[in-house]
Enquirer: 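This is the structure I have questions about; it appears just below.
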Amino acid sequence: MTILHQIDPIALHLGPLQVHWYGIMYLLGFVSAWWLGRQRVRAGRLPGVNEQAYGDLLFYAMLGVVLGGRIGYVFFYNFAELIKDPLMLVRIWEGGMSFHGGLIGVMVAAWWWARSHRTHFFDVMDFVAPLVPPGLGFGRLGNYIGGELWGKFTDGGWGVIFPRAPEFANWTTQQLQTQYAAGALDRYARHPSQLYQAALEGLAMFVILWWFSRKPRPRYAVSGMFALLYGCFRFIVEFVRVPDAQIGDHGYLAFGWLTMGQVLSTPLILLGLFWLWRSTRSPTLQPQLPAVEPAEAAATTNKG
């Protein structure tokens, strides 16, 4: 049975302030990364790093996600609009974030943090990789709640009718509900590609990476697995997702099916394979519990 999307993208109205579900999803992603990261720090999965240092890393990564995601979206998907209106770069509340740009932002942040803490860059990336998928999953749920980034038409019974799609540009809510009740909108049902991505990039990637990283792996291995999984999952879902129409020929760059998302994901697949190969010749970082701060040690002694 098809579904008519009727979710309000605004979660709370606090006077003139509107709290969007998409922002809440970002918050949940950062909170999950903070909580999961603390577990890995306490297990000594990033030797020499305590929770305070991890907090700094997470802060830099958050900046990388937001700045990189926005800049990446503008340059990869909407550069022509940037030329006409440069200020659109800072209007994040209007929507438009790129995973690939956010990934570059996180890598820059991790490099900066690793350099200041004299830690190998890929030890940091291997540590961070399992923390990312929940945020990706929450982000895709935010896309679904907002009724954006929908898929192509489908005659499957699980299709969703998105009122923000171009075919309903001049329809009222009442018209949509009446026609839906009469079964007249089934031909407009689309793949809920946001939910496909939430299941693959969020849930599946998290389960696989968390399991894979539970025991020490050679350097590059966890990062390689992350890049390979994301690249493959994103490449596949792009076949049923509506591409950004402002790019190429109705959103396609070549062959009538190649999208920008697939172009950007191909290097990730290749990098993932390369890093996994390189991991076979790299050392394995063994867990090492973080040093206990003097104040904590004194408190523990007094309790004894």
Side-chain angles (χ1 to χ4, degrees), residues 64-85 88-89 92 94-111 125 128-129 132-133 135-137 139-140 142-144 146 148-154 165-166 190-202 204-205 208-209 220 223-278:
V65 167
V66 175
L67 296 179
R70 181 59 177 177
I71 294 171
Y73 169 78
V74 171
F75 278 85
F76 296 150
Y77 296 96
N78 220 355
F79 189 74
E81 184 66 24
L82 176 66
I83 299 300
K84 294 188 294 185
D85 180 17
M88 65 90 66
L89 180 64
I92 298 178
E94 294 181 356
M97 299 288 281
S98 162
F99 162 80
H100 299 90
L103 177 60
I104 293 172
V106 169
M107 293 180 71
V108 170
W111 172 83
M125 292 304 297
V128 168
V132 176
L136 295 178
R140 294 310 179 189
N143 293 144
Y144 179 78
E148 59 187 7
L149 304 182
W150 49 75
K152 299 176 182 177
F153 293 117
T154 177
R190 295 175 175 272
H191 284 284
S193 55
Q194 316 96 321
L195 299 183
Y196 300 167
Q197 290 185 265
L200 292 174
E201 301 166 11
M205 274 185 61
I208 295 171
L209 283 173
Y220 301 102
S223 296
M225 184 65 72
F226 175 92
L228 178 62
L229 288 173
Y230 181 86
C232 289
F233 288 157
R234 178 65 182 271
F235 197 98
I236 293 169
V237 174
E238 285 288 315
F239 284 111
V240 297
R241 174 176 162 176
V242 174
D244 295 79
Q246 70 271 20
I247 299 176
D249 182 13
H250 301 290
Y252 298 107
L253 299 177
F255 316 121
W257 58 265
L258 186 66
T259 68
M260 178 62 79
Q262 290 172 323
V263 168
L264 295 174
S265 295
T266 300
L268 281 180
I269 296 174
L270 298 177
L271 276 174
L273 291 172
F274 172 72
W275 288 338
L276 285 170
W277 169 80
R278 188 166 182 183

Enquirer: What pairs with W257 under side chain to side chain contact (heavy atoms under 4.5 Å, CB included), at least two apart in sequence or on another chain?
Expert: F235, F239, F255, Q262
Enquirer: If I compare all heavy atoms of S98 with all of Y73, which pair ends up nearest, and what's the gap?
Expert: CB-N, 3.3 Å
Enquirer: Which atom names give the shortest non-hydrogen contact between L264 and F76, and what distance separates them?
Expert: CD1-CD1, 3.7 Å
Enquirer: Hey, could you give me the CE/CG distance between M205 and L228, rounded to the nearest 0.5 Å?
Expert: 9.5 Å
Enquirer: First locate atom CD1 of I71, then atom CE of M97, and finally report the distance between them rounded to the nearest 0.5 Å.
Expert: 9.5 Å
Enquirer: In Å and rounded to the nearest 0.5 Å, what is the CZ to CG distance from R140 to L195?
Expert: 11.5 Å
Enquirer: If you take all heavy atoms of P166 and W150, which pair is closest and at what distance?
Expert: CD-CZ2, 3.7 Å
Enquirer: Would you mind writing out the side-chain donor-acceptor pairs for residues 99-110 within the sub-3.5 Å range, not counting sequence neighbours?
Expert:
residue	atom	partner	partner atom	Å
H100	NE2	S265	OG	3.3

Enquirer: First locate atom CG of L136, then atom CD of Q197, and finally report the distance between them rounded to the nearest 0.5 Å.
Expert: 9.5 Å
Enquirer: If only atom types and distance count, is the side chain of T259 paired as donor or acceptor with the main-chain N or O of G251 below 3.5 Å?
Expert: no
Enquirer: Apply side chain to side chain contact (heavy atoms under 4.5 Å, CB included) to V263 and list each qualifying residue two or more places apart in sequence or on a separate chain.
Expert: L253, L258
Enquirer: Under the side-chain hydrogen bond (donor to acceptor under 3.5 Å, both in side chains) test against Y196, which residue among H191, R241, E201 passes?
Expert: H191
Enquirer: For S193 and L149, work out which heavy atoms get closest and say how close.
Expert: OG-O, 3.1 Å
Enquirer: Would you say the side chain of Y230 lies within less than 4.5 Å of the side chain of L209, judging by non-hydrogen atoms?
Expert: no
Enquirer: Are the side chain of Q194 and the backbone N or O of E148 linked by a donor-acceptor pair below 3.5 Å?
Expert: yes
Enquirer: Looking at R190 and G151, would you say the former's side chain and the latter's main chain have a donor-acceptor pair under 3.5 Å?
Expert: yes
